[in-house]
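One structure below.
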There are 2 protein chains.
Amino acid sequence: MSSDTVSTISGRERLLATAAVMFRQRGYAGTSTRDLAAALGMQSASLYHYIGSKEDLLFDLSREALEVIGARVAAALDGAEDPVERLRLLIRTHLVTALSDQDKHAVMLTEMHSLSPARRAEVLKMRDQYEAYVEGVLSKARGAGVIRTDIPVKYLRLALLDLLGWTIFWFRPDGELSPNALADIMVTLYLDGARWRPAQDWVAAANGDGT
Amino acid sequence: MSSDTVSTISGRERLLATAAVMFRQRGYAGTSTRDLAAALGMQSASLYHYIGSKEDLLFDLSREALEVIGARVAAALDGAEDPVERLRLLIRTHLVTALSDQDKHAVMLTEMHSLSPARRAEVLKMRDQYEAYVEGVLSKARGAGVIRTDIPVKYLRLALLDLLGWTIFWFRPDGELSPNALADIMVTLYLDGARWRPAQDWVAAANGDGT
DNA sequence: GTCTATAAAGAGATAGAC
DNA sequence: GTCTATCTCTTTATAGAC
């Protein structure tokens, strides 16, 4: 990250950010180029200095969301060896990243159907790759004996992504919980469930000390 | 339910069902009245014999989804006393109901923003009522000592609804799992988590036999 | 209950000046 | 980099015949 990442924001970045906000609120098809331009204080014709078509915005937004989350999660897990710790890091990093740009991630998840078939396929491929990565982390943890084997890993992955992906639709940044605090809750809930435990000493017993 | 519920389908019901399918695939704003009419083998003008406006379709679809799920879950829990059993029935019934009409429920969840403010508020109120009901079931279970107390019940509810609500976006009726089998997985995962247990005898110990 | 015809508004995108 | 002006197409909805 260069030093001007925060302070300087290009015209195109401002356009993308505004598009993310509006597409999330009104949907892609429900947002006109005139609406978008008005929110930026310009005429709709001026948008085409930055983009070739309205669909470019949705496409770039969607790819960016998946690129960022994939890269950050992979980076976070880079040094970690312990399979449960890797899972914890995955949950935390995915959630914190998605919550750091809720608009972009929400739009990617709900507006994909508005892309042309070719572009939709490309975004779906990226999503499938990330989901395969997540399933891989779960699989390794299962191989290490720390994740239950009575549920197919496919459904462990899908349930985890339900939890991670759709939390952005109700999380409020100005609420009582920080993204990190919420991540703690999700880690606990996903790994240990909602049921009360008479004693949680089995956690240490089941853990081992990393391999 | 009258005896002709299944065999006879009124023009209006056919219209609503087709709208649900198309709104889910292309989004509400992305589906034109011409598209919709063409799928039904008629002209767009003919739709207005059944509805007052396109928005009526989205509104009625959304209310119906919430009415049906609220009613079925309440009915399923009607006789049950044991708090864990009530939670199990809630998860199972919610899931099976939502999966029995994925289109309608998916549209309700993702297209609400296309409703007028007044109608959106009405649908949101219905959703809030249902979510309060779910939280009540969790609260009772917590009061009975079967649900963990270290996570605020609000987040137990939100996580559960992530799991229940967003499963309809990946579930395929023609897939390997029946809705009931999937419900089993979700019950297990929500109550007990993804972590491997050295021995699951504590489940019986923590359960009791219903007050 | 479905049609043809059409009104009225809004959409995405381009041309070309500044 | 932003504007005015405008083209062309699509949109929701209505009128009125059958």
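Below, read A as the first sequence line, B as the second, and so on, with proteins coming before strands; counting in each chain starts at 1. The figures that follow rest on heavy atoms only: side chains count, while hydrogens, waters and symmetry mates do not. This structure is a prediction, so every number in the text was calculated from the model and none was measured.
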Practice prompt. Check every atom of dA15(D), dC3(D), dA13(D) against the side chain of Ala45(B) and return the nucleotide holding the closest atom.
Written response: dA15(D)
Worksheet item: What nucleotide among dG1(D), dG1(C), dA13(D) has an atom nearest to a side-chain atom of Ser53(B)?
Response: dA13(D)
Discussion item. Check Arg197(A) with Asp150(B), please: is the shortest side-chain N to carboxylate O separation under 4.0 Å?
Written reply: no
Discussion item. For a quick check, tell me whether the side chain of Arg34(A) and the base of dG12(C) share a donor-acceptor pair closer than 3.5 Å.
Written reply: yes
For [X] and [N], give me the distance from atom [atom1] to atom [atom2], rounded to whole Å.
{"X": "Tyr48(A)", "N": "dT6(D)", "atom1": "OH", "atom2": "P", "result": "19 Å"}
{"X": "Gln43(A)", "N": "dC18(C)", "atom1": "CD", "atom2": "P", "result": "17 Å"}
{"X": "Met22(A)", "N": "dG12(C)", "atom1": "CE", "atom2": "P", "result": "11 Å"}
{"X": "Leu47(B)", "N": "dT14(D)", "atom1": "CG", "atom2": "C1'", "result": "13 Å"}
{"X": "Arg26(B)", "N": "dT11(D)", "atom1": "CZ", "atom2": "P", "result": "10 Å"}
{"X": "His49(B)", "N": "dC3(C)", "atom1": "NE2", "atom2": "P", "result": "12 Å"}
{"X": "Leu40(A)", "N": "dG1(D)", "atom1": "CG", "atom2": "C1'", "result": "13 Å"}
{"X": "Glu13(B)", "N": "dG1(C)", "atom1": "CD", "atom2": "P", "result": "13 Å"}

Worksheet item: Between His113(A) and Phe23(B), is the gap from one ring center to the other below 6.0 Å?
Response: no
Practice prompt. Classify the nucleic acid contact of Ser10(B) as base, sugar-phosphate or nothing, counting any heavy atom under 4.0 Å across all strands shown.
Written response: nothing
Fill in: With Tyr190(A) via ring-ring contact (aromatic ring centres under 6.0 Å, His included) - residues at least two apart
none
Item to complete: Please figure out whether Tyr50(A) or Glu55(B) has its closest DNA chain D nucleotide nearer the 5' end.
Response: Tyr50(A)
Item to complete: Over all heavy atoms of both residues, which pair between Glu13(A) and Thr8(A) is shortest? Give the atoms and the distance, please.
Response: OE1-O, 4.2 Å
Worksheet item: Any side-chain N or O of Ser46(B) under 4.0 Å from OP1/OP2 of dG1(C)?
Response: no
Discussion item. Please determine whether a side-chain nitrogen or oxygen atom of Ser32(A) lies at a distance below 4.0 Å from atom OP1 or OP2 of dA11(C).
Written reply: yes
Worksheet item: Are the side chain of Lys54(A) and the backbone of Tyr28(A) linked by a donor-acceptor contact shorter than 3.5 Å?
Response: yes
